[in-house]
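Notes for the one structure printed next.
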Amino acid sequence: MNIETLLVEEISQTLHHLYGEIIGLKVSLEKTKPTFNGDFTLVVFPFVRYSKSSPEETAKQIGEVLCKKEEIFSSYNVIKGFLNLNISTTLWLNYFNQFEATSTDTLKGQKIMIEYSSPNTNKPLHLGHIRNNLLGYSLSQIMKANGADVIMANLINDRGIHICKSMLAWQRFGNGETPESAAIKGDHLVGKYYVVFENKLVEATSEAIENAYHGNWTSDDNTINERYRDLLTRLSEAEEDKQISKIKGLIKDLVRNQSELMQSCQEMLRKWEAGDEEILQLWSTMNSWVYDGFDSTYKNLGVSFDKFYYESNTYTLGKDIVQEGLASDVFFIKEDNSVWIDLSDKGLDEKLVQRGDGTSVYITQDMGTAELKYKDFHIDRSIYVVGNEQDYHFKVLFLIMKKLGRPYAEGMYHASYGMVDLPSGKMKSREGTVVDADDLLQEMYNTSKAKTEELGKTQGMDDSELDILYKRLSLAALKFFILKVDAKKRMLFNPEDSIDFQGDTGPFAMYTYARIKSILRQQQAENSSYSDLELHSTEVDVIKTLSEYSTVLKNAANEYNPSGLCQYILDLAKSFNRLYNELSILKEPDLQKKNFRLQLAKKTSDTLSHSMGLLGIEMVERM
RNA sequence: GACCUCGUAGCUCAGCUGGAUAGAGCAACUGCCUUCUAAGCAGUAGGUCAUAGGUUCGAAUCCUAUCGGGGUCGCCA
């Protein structure tokens, strides 16, 4: 049993004994603040009305009774309404004896799908994807460590206008270039042609756009002209800068969409949908280049998937659900034949679920895919690791599935995370401020190599060992840096200052681990149990921290957030480092104490590697 | 315009199911390597927890308003 649960039970009994039945009162116990003496603190204010005496008096009464249980409590002190309790050495040793860094069974029997990564196939992965991948992978490991049966899924967006852009640019300007001939990664090559397309489009339309802002533009299509004139009127009436730039943006899109390049692109998409052999061939070739590139990035990043879904297979799904929703009056049709759902009873708007021409929108596909996932695996929970810009989308999706009476709707969850910002603001591909995933990984590798060489502690390690060290060290730094921040919050990444290797970092935790391993190489810990041993305060601290592990593990799963785990790892590493500095392990003359410390070190290192593993970080024995 | 979200030390972040004197790391400054790995440890300095009200014995934490950043809102995924 968890130590806090045990204590809460003891305290509840005592309260009952002292004051009779106290209904509905939760005993909340917290860790004593470091400035006070004690292990745990009970706030007694809530009990004053039952004790009918002052807070100090009440605390004293409770403390007096509790400390009669010598095998649990050793002493207490009272400051104002706070009862600080000291735990007996015997109890700490009990916990020490049975402690093991192991999984919990909180989610046993649950089948959970975690969808993450979900890239488009027209560009290489960037820093934003890295946060997504690290969160998704880590959440999967955390759910597994709580006993769940986890399916890691990746829904690849392999179709649509963005891929056609790369394809068209490659067709026209590529001269048959391949990843081999150009000697670059496939995803980067395809990304290169996406950029070529965008540049050519700017070249071809910038003049026309400028003219269009001033009213000097026409199209062959009369309905387009009508929309254009309408926008011009709105532009002349607009006053706020925000409004003006928004309308200008719409005009820009209008002109661009009418350009030869975009028209050809649309044509290509139509041909793709019609199953044109040549287009399909090109499409699958270029996608395969991208997949090769992604594979390598995923591998370097240390993430993996059990199941791939491809949008080219799923984009038509959901239409039957739309029909079903119409039949059951969950959806309704407007004059133009478009299908909608009214969510105003839930405080939201009406939402389009199918266009007037019968084609799908994003949410149509997502409805279909949700159904597919359930049919494929009969999952209890379906988790989507997707950025918080889609909070609204998922709110709507889940509501729709509930309204449609899907039994699995309750198990759907959007693990929403914040964007990664640069000091200059948001990453923008047009402005070239995107931090490429492969570049970043390479830079981290170089940095970890440089830092290691600076320290010069790697005598006797051969090149392949060093390579593993640099890789793991760089990944530890990067992963910890990203996962340490509360997933829901946006975070800042400054490419100018490299990620730290000192202080609250992944390498710090690794270092603590390597130090322990160095000791254990010299002498192994023998398994034995302890019932009576004089403990140093740093030793108690380490045991105390170890005993919190299972709670931390559960919370990380409940909150869909690995950051608590990171904080815990730092706590544990710090408390062990304090011990390491205060006490000698190998040179301790008392053999019982010495072995106890060796075991404590062993359990600490096991916990460090178990918890870091859940972040997707692999340890090294030496560094 | 509406809705969501964030605002804590110079910087990056914890703390947020209400509890004591608000914590780390980085950067700055002091100490500690002939003793188990100094990627470490100990210490100094740095705060009107955006602002103003409210609820409470008690508010960084809950509520309301204001200011500021970010995001979303009928056909991009």
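Keep in mind it's a predicted model, so treat the numbers as computed, not measured. Chain letters run A, B, ... following the sequence lines, proteins first and then strands; every chain starts at 1. We use all heavy atoms of the structure for the numbers below, so side chains are in, but hydrogens, waters and symmetry mates are not.
- Looking at A/Lys31 and A/Glu4, no side-chain N of the basic residue comes within less than 4.0 Å of a carboxylate O on the acidic one, giving no salt bridge.
- In this entry B/U72 has B/A2 as its Watson-Crick or G-U wobble partner, both defining distances falling under 3.5 Å.
- Counting only N and O atoms by type, the side chains of A/Asn494 and A/Asp497 include a donor and acceptor under 3.5 Å apart.
- You cannot call A/Phe82 stacked on the base of B/G19; the centres under 5.5 Å and planes under 30° rule is not satisfied.
- Comparing B/U51 with B/G46, their C1' atoms are spaced 23 Å from each other, to the whole Å.
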Next on the checklist: Using side chain to side chain contact (heavy atoms under 4.5 Å, CB included), reason through A/Asp541 and A/Lys544 one step at a time and then give a plain yes or no.
Outcome noted: CA-CA 5 Å; A/Asp541 275 346; A/Lys544 202 191 288 185; 4.1 Å; yes
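- Both distances falling under 3.5 Å, in either a Watson-Crick or a G-U wobble arrangement, occur for no nucleotide opposite B/G18.
- Residue contacts for A/Leu473: at a heavy-atom cut-off of 4.0 Å it reaches a base atom on one of the strands shown.
- Nucleic acid contact class of A/Leu583 (heavy atoms, under 4.0 Å, all strands): base.
- Rounded to a whole angstrom, the distance from the P atom of B/A65 to that of B/A9 is 25 Å.
- Among the protein residues, A/Gln502 comes within range of the sugar-phosphate backbone only, with heavy atoms under 4.0 Å from sugar or phosphate atoms but none that close to a base.
- Within 4.0 Å (heavy atoms only), A/Gln390 reaches at least one base atom of the nucleic acid.
- Base pairing analysis places B/A59 opposite nothing; no Watson-Crick or G-U wobble pair with both distances below 3.5 Å involves it.
- A/Val485 comes within 4.0 angstrom of sugar-phosphate atoms only, judged by non-hydrogen atoms across all strands, and of no base.
- Judged by distance alone, with hydrogens and angles left aside, A/Thr41 brings a side-chain donor or acceptor within reach of the base of B/A20, the pair sitting under 3.5 Å.
- Among the heavy atoms of the strands, none lies under 4.0 Å from A/Thr505.
- Distances shorter than 4.0 Å separate some side-chain N or O of A/Asn577 from OP1 or OP2 on B/C41.
- Ring-to-base geometry places A/Phe36 in a stacked arrangement with B/A20 (centre distance under 5.5 Å, plane angle under 30°).
- Heavy atoms of A/Ser584 sit under 4.0 angstrom from at least one base atom.
- If you check every strand for non-hydrogen atoms under 4.0 Å, A/Phe45 touches a base.
- The C1' atoms of B/U61 and B/G7 are separated by 14 Å, rounded to the nearest whole Å.
- Using a 4.0 Å heavy-atom criterion, one finds that A/Met419 contacts no nucleic acid atom at all.
- B/A38 and B/G31 have their C1' atoms separated by 13 Å, with the value rounded to a whole Å.
- Phosphate proximity of B/A39 to A/Lys451: absent, as no side-chain N or O sits under 4.0 Å from OP1 or OP2.
- Applying the Watson-Crick and G-U wobble criteria (two distances, each under 3.5 Å), B/C32 pairs with B/G40.
- Atom pair A/Glu57:CD and B/C57:P shows a separation of 22 Å (rounding to whole Å applied).
- Counting non-hydrogen atoms under 4.0 angstrom, A/Asp342 reaches nothing in the nucleic acid.
- Nucleotides B/G70 and B/U64, compared at atom P, are 24 Å apart to the nearest Å.
- The same atom, P, is picked in B/U17 and in B/C3; the two are 25 Å apart, to the nearest Å.
- Comment: A/Glu618 engages A/Arg472 in a salt bridge, judged by a side-chain N to carboxylate O separation of less than 4.0 angstrom.
- Not one side-chain nitrogen or oxygen of A/Arg515 sits closer than 4.0 Å to the OP1 or OP2 atom of B/A39.
- Here B/C33 is in the syn range [glycosidic angle within 90° of 0].
- A/Glu621 comes within 4.0 angstrom of a base, heavy atoms only.
- Using bins of under 30°, 30° to 60° and over 60° for the plane-to-plane angle, the ring pair A/Tyr470/A/Tyr445 lands in the perpendicular bin.
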Next on the checklist: Could you walk me through whether A/Arg159 and A/Tyr315 satisfy the side chain to side chain contact (heavy atoms under 4.5 Å, CB included) test, starting with their C-alpha distance in whole Å, then the side-chain angles of each, then the deciding distance to 0.1 Å, before giving a yes or no?
Outcome noted: CA-CA 9 Å; A/Arg159 67 163 282 279; A/Tyr315 82 107; 3.4 Å; yes
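- Across the P atoms, B/U35 and B/C26 are found 24 Å apart, a figure rounded to whole Å.
- For B/U37, its base sits under 3.5 Å from the side chain of A/Lys457 at one donor and acceptor pair at least.
- Nearest-nucleotide positions on RNA chain B for A/Gln567 and A/Tyr511 put A/Gln567 closer to the 5' end.
- A/Lys488 comes within contact range of no nucleotide atom at all, as no heavy-atom separation falls under 4.0 Å.
- For the C1' atom pair drawn from B/C13 and B/G18, the interatomic distance equals 23 Å after rounding to whole Å.
- Residue A/Ser518 has no polar side-chain atom (N or O) positioned under 4.0 Å from OP1 or OP2 of B/C36.
- If you check every strand for non-hydrogen atoms under 4.0 Å, A/Asn84 touches a base.
- The pairing partner recorded for B/C13 is B/G23, the criterion being a Watson-Crick or G-U wobble arrangement whose two distances lie under 3.5 angstrom.
- Within the shown strands, B/A52 is the pairing partner of B/U64 under the Watson-Crick or G-U definition, both distances less than 3.5 Å.
- As the counterpart of B/G47, no nucleotide is assigned, since no Watson-Crick or G-U wobble pattern has both distances under 3.5 Å.
- Within 4.0 Å of A/Ile585, counting heavy atoms only, lies at least one base atom of the nucleic acid.
- Between A/Arg578 and B/A42, a side-chain N or O to OP1/OP2 separation shorter than 4.0 Å is present.
- Taking the ring centroids of A/Tyr384 and A/Phe394, they lie under the 6.0 Å cut-off.
- Mapped onto RNA chain B by nearest heavy atom, A/Asp357 and A/Thr32 fall at different nucleotides, with A/Thr32 at the one closer to the 5' end.
- Annotation: A/Tyr362 is in aromatic contact with A/His393 [ring centroid separation under 6.0 Å].
- At the phosphate of B/G7, OP1 or OP2 sits under 4.0 Å from a side-chain N or O atom of A/Lys489.
- Put simply, the side chain of A/Val620 does not reach to within 4.5 Å of the side chain of A/Leu473, judged on heavy atoms.
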